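Comments concern the structure below.
As the structure is a computational prediction, the values presented were derived from the model and not from experiment.
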Amino acid sequence: MQPMSDPRPLDGRVALVTGVGRQAGIGYAIARRLLESGAAVLTQAWTPYDVANWDAGPGEADAASAELRRLGRVEHRQANFAEPSAPAELFATAQETFGHVDILVVNHTRSGDGALGDLTAEHLDDFLHENVRASLLLVKEFAAQHDGRAGGRVVLMTSGQHISPMKKEIAYAVSKGALHQATLTLSEELIDRGITVNTINPGPTDTGWGIGDMDPRPAMPQGRWGEPDDGARLIAWLCTDDAQWITGQVINSEGGFRRWG
């Protein structure tokens, strides 16, 4: 008989999860899953962006953090990844608060439209700085403090641009494509130190951007759009010891999404 699965496989571990500003978001679902698995979690958000782009209330990040505290040990910090110093400062805070960080989930993103004719240098810089520069610097800071113990995990997020074109979101697609392409190289860089690196494409997920008002059929053969917890379940599992043999992968978790639908 197989032994029962450990209900708290991340007991004693610490995670840093970015982009946890709204309870409707994937980041909140990821943090919740990690807490339920036993990890202590430092969450990050940048409320001015959420207010401007998601119509979030100014207190929504605090409300999300308060709900997460019902599940375990969690601390929340604001950090603006448009600032080049923000990744290092956030990791310094995580170490001061919890000590060694075992898990990094880079969930934050700058999203938005922009066809080729709309591009400006400033527009491109916003996406490259926040989605690419900040993500890679977070991985750098994570690796610098990791002491080689087992269970090191990095999870990045991409957006399906490797499967089909995103012609109205060029800067966004390019920035997410950079993380996709970095996955294998980062994995090779870090695997000797006991750190796995994987990237998740969560597919079309209802996080409050309007997709929930659209009929999911025939694009979604299971009859619904993705929910934040769909990607969060996979990410939480990748952070456990059961996933120690998986690294350098870009995993599509899309529920059978048919783009021609």
- Task: Would you mind checking if D229 and R32 are paired as a salt bridge, meaning a charged N to carboxylate O distance below 4.0 Å?
- Result: yes
- Rounded to the nearest 0.5 Å, the CG atom of N131 sits from the NE2 atom of H129 at a distance of 11.5 Å
- Close side-chain approach of R153 to D241, heavy-atom, < 4.5 Å: yes
- Minimum-distance pair of heavy atoms, taken over all atoms of A182 and L136: CB-CD2, 4.3 Å
- Contact summary for Q44 and A79, nearest pair of heavy atoms: NE2-O, 2.8 Å
- Going by heavy atoms in the side chains, are R224 and D206 under 4.5 Å from each other? no
- Item | Side-chain donor-acceptor contact under 3.5 Å, S65 with R69 | yes
- Task: Apply side-chain contact (heavy atoms from CB on, under 4.5 Å) to the pair L156 and V139, showing each step before the final yes or no.
- Result: CA-CA 9 Å; L156 306 172; V139 177; 4.2 Å; yes
- Message: Please say yes or no: joined through hydrophobic side-chain contacts below 4.5 Å, possibly via intermediate residues, are M220 and I211 part of one cluster?
- Response: yes
- Message: How about CD on E188, more than 12 heavy atoms from neighbouring residues, nucleotides or ligands closer than 6.0 Å, or not?
- Response: no
- Assess whether atom CD of E67 is packed by more than 12 heavy atoms of other residues, nucleotides or ligands within 6.0 Å. yes
- Fit a plane to each ring of F81 and H108, take the angle between them on a 0 to 90° scale, and name the class: parallel (under 30°), tilted (30 to 60°) or perpendicular (over 60°). tilted
- Message: For R77 and T93, which I'm curious about, is there any donor-acceptor pair between the side chains at under 3.5 Å?
- Response: no
- Message: To check you understand the geometry: which heavy-atom pair defines the closest contact between V105 and C239, and what is its length?
- Response: CG2-SG, 4.4 Å
- Message: Within the structure provided, determine whether L68 and V41 are in side-chain contact (heavy-atom separation under 4.5 Å).
- Response: no
- Under 4.5 Å between any side-chain heavy atoms of R193 and L190, yes or no? yes
- Is it true that a side-chain atom of Q145 and a backbone atom of F142 form a donor plus acceptor pair closer than 3.5 Å? yes
- Item | Nearest-0.5 Å distance, CG of residue N80 to CG of residue L90 | 11.5 Å
- Query: Are side-chain heavy atoms of I246 and W237 found at a separation under 4.5 Å?
  - Reply: yes
- What's the shortest heavy-atom distance between Y172 and S159, and which atoms? OH-OG, 3.0 Å
- Message: Could you measure the distance from the OG1 atom of T109 to the OH atom of Y49? Nearest 0.5 Å is fine.
- Response: 6.5 Å
- Only one of L10, V14, L16 passes side-chain contact (heavy atoms from CB on, under 4.5 Å) with I103, and that residue is L10
- Task: Classify the side-chain pair H162/N252 by whether it contains a donor and acceptor separated by less than 3.5 Å.
- Result: yes
- Query: Under 3.5 Å, side chain of H180 to main-chain N/O of T183, donor-acceptor pair present?
  - Reply: no
- Query: Just how far is it from atom CG of D126 to atom CZ of R110, taken to the nearest 0.5 Å?
  - Reply: 4.5 Å
- Task: Could you verify whether a donor N or O on one side chain and an acceptor N or O on the other, from T158 and T199, lie under 3.5 Å apart?
- Result: no
- Message: Between T207 and A24 (side chain of the first, backbone of the second, donor and acceptor by atom type, cut-off under 3.5 Å), is there such a pair?
- Response: no
- Within the distance-only criterion (no hydrogens, no angle test), does the side chain of D50 pair as donor or acceptor with the backbone N or O of R22 below 3.5 angstrom? no
- Message: Does E189, at its CD atom, have more than 12 non-hydrogen atoms belonging to other residues, nucleotides or ligands within less than 6.0 Å?
- Response: no
- Main-chain N/O of A115 paired to K167 side chain as donor or acceptor, under 3.5 Å: no
- Task: Flag the pair Q78 / P48 as yes when at least one side-chain heavy-atom distance between them is below 4.5 Å, and no otherwise.
- Result: yes
- Query: Any side-chain heavy atom of T205 within less than 4.5 Å of one from D230?
  - Reply: no
- Can you run down the side-chain hydrogen bond (donor to acceptor under 3.5 Å, both in side chains) pairs that involve residues 134-144, sequence neighbours left out, and say none if there aren't any? none
- Note on the structure: Taking every heavy atom of G12 against every heavy atom of D102, the minimum-distance pair comes out as O-OD2, 4.3 Å
- Shortest non-hydrogen contact between S175 and V132, atoms and distance: O-CG2, 3.5 Å
